Q: 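Below is one structure. I have some questions about it.
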Protein chains: 2
Amino acid sequence: MTIGQAAKKSGVSAKLIRHYESIGVTPKVSRTESGYREYSESDVQILRFVKRARGLGFDMKDIKKLVGLWRNKGRSSADVKNLCKTHIENLEQKMRELQTMADSLRHLSRNCQGDNRPHCPILNNLAGEFT
Amino acid sequence: MTIGQAAKKSGVSAKLIRHYESIGVTPKVSRTESGYREYSESDVQILRFVKRARGLGFDMKDIKKLVGLWRNKGRSSADVKNLCKTHIENLEQKMRELQTMADSLRHLSRNCQGDNRPHCPILNNLAGEFT
DNA sequence: GCTAAACCTTCCCACCGTTGGAAGGTCAAG
DNA sequence: CTTGACCTTCCAACGGTGGGAAGGTTTAGC
């Protein structure tokens, strides 16, 4: 399979496939005589694995670890679960931050007339005027 | 005031203050004969404004607009409110995405023993095995 | 066998917001 | 006059992705 065909089958762009290989997230694949990358079904599976992990919000560093654990038949599921737990906590932390922002903005927005006059509690708040 | 003093008073690092100026988010400040930037109280206020807006999750493009609206005494509060509304929607969208990720991860995590054995529903799911 | 299209290769650049460092100039206190 | 703390500009990096250029390869059609 060429990289283009692997891209279609995996849903990962050829551009990104090369990038993942270059940063060591996916293993280096074999090459034809002329230098074209060759992909097998199992190579495509790895790409799909990476794509799903991205979809769950893991960063490339963690995905690298996850791919390693996946391919290591002697792994402990505890290692995977811990990675997962930490990531969940990061997501929850991020959500709390966004929630706090959104709450503040909704509060300010409610107090803003939203008309053609200049008075604006949102700007006043940003300016540090808490009146 | 030098940039270092303005940094302390505003809570924005000198590095970032120069950056904000270079991308046009904050106005260019005056310079001493030797080329040092000079900051007034009102310059520091703008920096604090930017910092608060960042704290509410606005991107630099929006902050540029907000600073413009703030300094424009003939603004309509509707413009500010609209900017704010769009941003709130973006935050809510982001939160939903994170929520979906976290829900999936928590579900997978619950089904993982987390022991020293290799069997792991998390990896199986990432591998596309939905058994 | 030739040509054109579709593919592949590597390389560099961009986004975002922030930080870090290097190389060099300036200012204050000792 | 030196030292150290400050300032200046420029360049690079992070993560994840996309865009494009310049060039080589393969495949289909004639």
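First the proteins, then the strands, lettered A, B, ... as listed; each starts at 1. Here the structure is a predicted model, which is why all the values come from computation and not from measurement.
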Q: We want to know whether B/Glu89 and B/Gln93 form a side-chain donor-acceptor pair, criterion being a heavy-atom distance below 3.5 angstrom.
A: no

Q: Quick check: on DNA chain D, is the nucleotide nearest B/Gly4 upstream (toward 5') of the one nearest A/Ile23, or the reverse? Name the residue that is more 5'.
A: B/Gly4

Q: Can a salt bridge be assigned to the pair A/Glu92 and B/Arg106 using a cut-off of 4.0 Å between side-chain N and carboxylate O?
A: yes

Q: Using a 4.0 Å cut-off on heavy atoms, which residues in residues 26-45 of chain A reach DNA chain C? List them by number, or say none.
A: A/Arg31, A/Gly35, A/Tyr36, A/Arg37

Q: Got a sec: does the CZ of B/Arg71 have more than 12 other heavy atoms crowding it under 6.0 Å?
A: no

Q: Please identify the 5'-most and 3'-most nucleotides of DNA chain C with any atom under 4.0 angstrom from a heavy atom of chain B.
A: C/dG17 to C/dC27

Q: From CZ of A/Arg18 over to P of D/dG18, roughly how many Å is that when rounded to an integer?
A: 13 Å

Q: Of all heavy-atom pairs between B/Phe49 and A/Ala127, which one has the smallest distance, and what is that distance?
A: CD1-N, 3.7 Å

Q: Determine yes or no for a side-chain-to-main-chain donor-acceptor pair under 3.5 angstrom, with B/Arg37 supplying the side chain and B/Arg31 the backbone.
A: no

Q: Could you tell me whether the side chains of B/Ser76 and A/Asp115 share a donor-acceptor contact shorter than 3.5 Å?
A: no

Q: How many Å lie between CD on A/Glu21 and P on D/dT17, as a whole number?
A: 16 Å

Q: Answer yes or no: does atom NZ of B/Lys65 have more than 12 heavy-atom neighbours from other residues, nucleotides or ligands under 6.0 Å?
A: yes

Q: Say whether A/Asn125 and A/Glu129, considering side chains only, have a donor N or O and an acceptor N or O under 3.5 Å apart.
A: no

Q: Axis-to-axis angle across the helix from C/dG1-D/dC30 to C/dG30-D/dC1, five pairs an end, to 10 degrees?
A: 30°

Q: Under 4.5 Å between side-chain heavy atoms, counting indirect links through other Ile/Leu/Val/Met/Phe/Trp/Tyr residues: same cluster for B/Tyr36 and B/Leu47 or not?
A: no

Q: Is the shortest distance from a Lys or Arg side-chain nitrogen in B/Glu21 or B/Arg18 to a carboxylate oxygen in the other one below 4.0 Å?
A: no

Q: Round to the nearest Å and state the distance from B/Lys15 atom NZ to D/dC10 atom P.
A: 12 Å

Q: Mark yes or no for a side-chain to base donor-acceptor pair under 3.5 Å between A/Lys61 and D/dG15, with no hydrogen or angle criteria applied.
A: no

Q: Within this structure, what is the NE2-to-P distance between A/His19 and D/dC14, rounded to whole angstrom?
A: 10 Å

Q: Is there a donor in the side chain of A/Ser40 and an acceptor in the side chain of A/Asp43, or the other way round, less than 3.5 Å apart?
A: yes

Q: If you pin A/Gln5 and B/Tyr20 to their nearest nucleotides in DNA chain C, which one's is more 5'?
A: A/Gln5

